[in-house]
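Positions are given from 1, in the same order as the sequence printed here.
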Amino acid sequence: MGVHTLGIPLDSQGIVPEELEKVLTSWNDLHPGARKPKLLYVIPSCSNPTGITTSLDRKRAIYDVARKHDLMIMEDDPYYFLNFTRPLIPSLLSMDVDGRVVRLDSFSKLVAPGLRTGLVSGPRPVLQKMTTLKHLGSITSSGLSQVMLSEMLRHWGHDGFLRYVDSVMEFYKRKMEMVLNTARKYLTGLAEWDPPGGGLFVWMKVLGVSDSEIVIDRLLKEHVVMVGGAGFTPSNEKNAYIRVSVTMVTEEECDKLP
C-alpha cells in the first residue's frame, strides 16, 4: 500500500513518549521531503508479542504527544480483558477529547477464535469511512456469528459479561503460570524473559544466537511451533527473540522433553 512504517522504542511501560516526540520533532530534518507520520499504532494491553501493558501515566503522555503533533491513534486492544490485575487501566479512547483515537476490540480472544468478530469504536467520520470500505470488501461479517454474540451478550448483561471475562482471564493466568514455571525449570541460562502481566504470550530472548529462526527450525522438527522475532519488527530485522504462546499447551506437554 506504500505505507512507510517506523518502530518506536519500548520500555516496561510501553512506547516511550520521549522517543516518539524526538522522532516527530526531528522528522523534517531526518526525512526531508517525506510526509510526516499521521497514525500511531499501539497494542496497549498485554501487547503481542512483548506482553507489555502500557500504564495510565504513559497513556496520558502518549496522548499528549499525539495531540501536539496531530496524530491519529489506532488502539488495537484485543487483550484488554486478559490483564491479570484489576481494576483495568482506562483506555486511550476514554481519554480522547478531540476525536483522534480509533479503538479495536475482539471477541476472538474472549469467546471463540472461530467467530472472527470484533468491533471498532471511535469518531463518527472515521467509522463512516471504514464502514464504506467494509461494504466494498467483504460486504458484511458473518450473520451467524453476530447473532450468536448478540444473544450471548443479551443473556449475560453488563455485569455477567464482566464476570465471564474475569473467568477467561483466570484460565489464561493459570496457563501462563504453568508455562513460566516450565521455562524457569528448563530454560534458565538458555533464554531471558520478563513475566507478562497478562495476555497469551511470553517474549523470550534466546541466548547465544543472533537469529532465532535457527531455533524455530529446530523446534518445528520436534513438532513445537513458535514464532520468530523478525516478523514483529517493521523491517523484518533478524533478532534473537521468539514468541511463545501459552494457549494450547497442557501441563503434560510442558514436561515432555524430546
Side-chain angles (χ1 to χ4, degrees), residues 7-16 40-59 62 73-94 101 103-121 161-184 187 191-206 212 216 224-233 239 241-251 253-254:
I8 303 298
L10 306 166
D11 63 14
S12 61
Q13 297 186 61
I15 285 177
V16 180
L40 174 66
Y41 174 82
V42 293
I43 309 176
S45 304
C46 319
S47 178
N48 177 9
T50 63
I52 293 171
T53 292
T54 304
S55 67
L56 180 57
D57 287 343
R58 183 61 59 85
K59 284 182 178 181
I62 291 170
I73 300 175
M74 182 72 73
E75 182 179 28
D76 191 5
D77 218 0
Y79 315 103
Y80 179 72
F81 291 104
L82 300 184
N83 201 306
F84 297 154
T85 58
R86 295 294 190 268
L88 295 166
I89 299 171
S91 66
L92 282 160
L93 180 65
S94 71
V101 178
R103 178 179 171 84
L104 307 178
D105 288 273
S106 174
F107 289 103
S108 294
K109 306 298 187 292
L110 294 174
V111 179
L115 288 174
R116 310 311 300 165
T117 304
L119 63 140
V120 56
S121 313
F161 172 75
L162 293 179
R163 287 193 296 271
Y164 167 76
V165 295
D166 282 351
S167 70
V168 176
M169 178 274 291
E170 291 291 345
F171 171 80
Y172 283 121
K173 185 177 181 180
R174 292 192 295 272
K175 286 274 191 178
M176 182 68 72
E177 291 171 348
M178 177 185 69
V179 169
L180 290 176
N181 286 336
T182 303
R184 284 188 284 266
L187 298 180
E192 296 176 344
W193 63 91
D194 292 321
L200 312 177
F201 310 111
V202 183
W203 186 234
M204 290 187 173
K205 182 179 182 180
V206 183
S212 62
I216 299 297
V224 177
V225 179
M226 295 183 186
V227 184
F232 297 102
T233 65
N239 57 64
Y241 287 89
I242 58 174
R243 191 198 70 178
V244 180
S245 173
V246 307
T247 56
M248 299 293 291
V249 68
T250 65
E251 188 171 0
E253 289 170 330
C254 277

- Check the pair Tyr241 / Thr50 against side-chain contact (heavy atoms from CB on, under 4.5 Å), numbers first and verdict last. CA-CA 10 Å; Tyr241 287 89; Thr50 63; over 6 Å; no

- Item | Any Leu119 side-chain heavy atom under 4.5 Å of Leu104 side chain | no

- Message: Any heavy-atom pair between the side chains of Phe232 and Val227 that's under 4.5 Å?
- Response: yes

- Task: For Phe161, check ring pair (Phe, Tyr, Trp, His ring centres under 6.0 Å) against everything at least two apart and list the hits.
- Result: Phe81

With no hydrogens and no angle check, is any side-chain donor or acceptor of [X] less than 3.5 Å from a backbone partner on [Y]?
X: Arg243; Y: Trp203; result: no
X: Ser108; Y: Ser106; result: no
X: Thr233; Y: Gly229; result: no
X: Thr53; Y: Ser45; result: no
X: Lys59; Y: Pro90; result: yes

- Verify side-chain hydrogen bond (donor to acceptor under 3.5 Å, both in side chains) between Glu170 and Ser167, making sure each step is shown before the conclusion. CA-CA 5 Å; Glu170 291 291 345; Ser167 70; over 6 Å; no

- Note on the structure: Between Ser212 and Gly228, the two heavy atoms sitting closest are OG-CA, 3.7 Å

- Considering non-hydrogen atoms only, spot the tightest contact between Asn83 and Gly197 and give its length. OD1-O, 3.3 Å

- Option among Val101, Asp76, Leu92 that satisfies the side chain to side chain contact (heavy atoms under 4.5 Å, CB included) test with Val42: Leu92

- Message: Could you tell me if Arg103 sits above the aromatic ring of Tyr80, with its cationic atom closer than 6.0 Å to the ring centre and no more than 45 degrees from the axis?
- Response: yes

- Taking side chain to side chain contact (heavy atoms under 4.5 Å, CB included) as the test, write out the residues that go with Val246, two or more places apart. Lys175, Met176, Val179, Val202

